[in-house]
Amino acid sequence: CRRVFLSTFIPRPIGWRIKNPNSNEIVTGKSERQNMVYATAQQIGAVMGLVPLPESLAQLDEIVCKGLSPDSLAVTVARIYPNEVDQQALLKQFGFEATSFNRDQKLSTRDSELTERLARVVALSLQVWDCDESARLFLTQSHPLLNGSTPVEIARTEIGVRRIEQLLLDIFNGMPV
C-alpha cells in the first residue's frame, strides 16, 4: 500500500518522527510533552476530492457551510465502499436527503457536515493503517469497543467520531483494543 500522510488528534511520544507530506522529508523531534497532530484541511479535502484543496480549517468550514458538491459525497463514500450496492446502502443508512443525489445542486449543510465527518474518519483511518484496504476493513467491520458497531455506523454524530478517533489513537499507540 502507498503511504498516505493524514493525521488527526494523535499524541506523539517523546522522540517522534513525522514525514512531511509536501516535501517527503522526515521531521524528527524530542520533547518532554506529547505533540498533538491533527487532520489538516488539505488532508480532509483530499479525501473528499476537493479541488482546489482548502488551505485552512476556516476555509474548509466555509466550504462545508456553503454546501459541498454531491461529488464530494460520492468520492468520500467510494473511499469506504468500492462497490455501488454498499455505497447506496450507506447513503440510505445515513439518511442523506434526496437532493444529495442531484448533481445540479449543492448538498445541504447537514449533508455537507456528514460528508466532512466521514472524510475525517477516513483520513484518520488511512493515517493509522497506512493502507487503503486496511483502513476500509477497519471502517466496515464491527468492533467490540464500539459495542459491536462498525466505525462507519457510529460516525453519524460528532460524539461517534470522537469515539472512533480515540479507538484509532489507542491502536496507533499500541494499546490493547
Side-chain angles (χ1 to χ4, degrees), residues 1-10 21 39-54 60-61 63-172 177:
C1 286
R2 66 178 173 41
R3 174 81 173 133
V4 179
F5 304 102
L6 301 173
S7 56
T8 193
F9 306 99
I10 297 177
T40 66
Q42 294 90 351
Q43 294 162 336
I44 296 167
V47 169
M48 292 188 289
L50 297 180
V51 177
L53 293 174
L60 178 62
D61 185 46
I63 292 167
V64 170
C65 287
K66 286 181 180 178
L68 292 168
S69 157
D71 291 337
S72 296
L73 173 59
V75 168
T76 302
V77 170
R79 295 294 296 260
I80 299 168
Y81 289 114
N83 90 37
E84 197 168 321
V85 173
D86 290 334
Q87 291 173 17
Q88 293 301 320
L90 177 63
L91 293 172
K92 187 175 182 179
Q93 173 189 357
F94 268 65
F96 281 100
E97 298 170 5
T99 57
S100 301
F101 309 104
N102 184 349
R103 301 278 183 217
D104 298 331
Q105 296 182 13
K106 292 189 180 248
L107 297 176
S108 67
T109 301
R110 174 197 168 273
D111 288 354
S112 293
E113 289 172 348
L114 280 170
T115 301
E116 183 276 332
R117 197 175 295 135
L118 281 171
R120 251 187 304 141
V121 168
V122 170
L124 179 56
S125 297
L126 289 168
Q127 168 68 21
V128 169
W129 294 109
D130 256 353
C131 170
D132 286 356
E133 187 58 31
S134 296
R136 185 177 294 119
L137 287 172
F138 169 77
L139 290 169
T140 59
Q141 292 182 346
S142 63
H143 196 284
L145 292 179
L146 300 175
N147 299 330
S149 297
T150 68
V152 168
E153 290 170 346
I154 68 162
R156 281 182 261 185
T157 65
E158 188 61 35
I159 293 171
V161 170
R162 296 297 303 215
R163 290 176 62 201
I164 297 164
E165 288 174 341
Q166 185 60 54
L167 176 60
L168 285 167
L169 173 65
D170 291 345
I171 291 169
F172 184 81
V177 291

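Throughout, residue positions are numbered sequentially from 1 according to the sequence presented. No hydrogens, no waters, no symmetry mates; every other heavy atom, side chains included, goes into these values.
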Find out whether [X] and [Y] are in side-chain contact, i.e. whether some heavy atom of one side chain is under 4.5 Å from a heavy atom of the other.
X: L118; Y: M48; value: no
X: R79; Y: R136; value: no
X: L50; Y: V75; value: no
X: S69; Y: L107; value: no
X: N83; Y: D86; value: yes

Problem set entry | R162 with E165: basic N within carboxylate O range, under 4.0 Å |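 Result for this pair is yes, salt bridge flagged.
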Exercise. Between R120 and E158, is the closest basic N to carboxylate O distance under 4.0 Å?
Worked result: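 Result for this pair is yes, salt bridge flagged.
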[X] and [Y]: which non-hydrogen atoms are nearest, and at how many Å?
X: F94; Y: R110; value: O-NH2, 3.0 Å
X: C65; Y: T109; value: O-OG1, 3.5 Å
X: S142; Y: G148; value: CB-O, 2.9 Å
X: K106; Y: G67; value: CD-O, 3.3 Å
X: V161; Y: A155; value: CG2-O, 3.8 Å
X: P54; Y: Q42; value: O-CG, 3.2 Å

Exercise. Does the side-chain contact (heavy atoms from CB on, under 4.5 Å) test come out yes or no for H143 and L167, once each step is laid out?
Worked result: CA-CA 10 Å; H143 196 284; L167 176 60; 3.7 Å; yes
Exercise. Between R163 (side chain) and I154 (backbone), is there a donor-acceptor pair under 3.5 Å?
Worked result: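 Checked: no pair found.
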Problem set entry | Main-chain N/O of L68 paired to S112 side chain as donor or acceptor, under 3.5 Å |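 Yes; at least one donor-acceptor contact below 3.5 Å.
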Problem set entry | Residues that T140 engages under side chain to side chain contact (heavy atoms under 4.5 Å, CB included), provided they are two or more places apart |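 With sequence neighbours excluded, T140 shows a side chain to side chain contact (heavy atoms under 4.5 Å, CB included) to I80, Y81, given in chain and number order.
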For this session: Return yes if a side-chain donor-acceptor contact under 3.5 Å exists between D170 and Q166, otherwise no.
Result: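 Yes - a donor-acceptor pair under 3.5 Å links their side chains.
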Exercise. Rounded to the nearest 0.5 Å, how far does CD1 of I164 lie from OG of S125?
Worked result: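 Nearest 0.5 Å value for the OG-CD1 distance: 7.5 Å.
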Problem set entry | Option among L139, L137, L124, I171 that satisfies the side-chain contact (heavy atoms from CB on, under 4.5 Å) test with W129 |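 Going through L139, L137, L124, I171 one by one, the side-chain contact (heavy atoms from CB on, under 4.5 Å) with W129 is satisfied by I171 alone.
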For this session: Dump the intermediate steps for side-chain contact (heavy atoms from CB on, under 4.5 Å) on V152 and L90, then the final yes or no.
Result: CA-CA 9 Å; V152 168; L90 177 63; 3.2 Å; yes
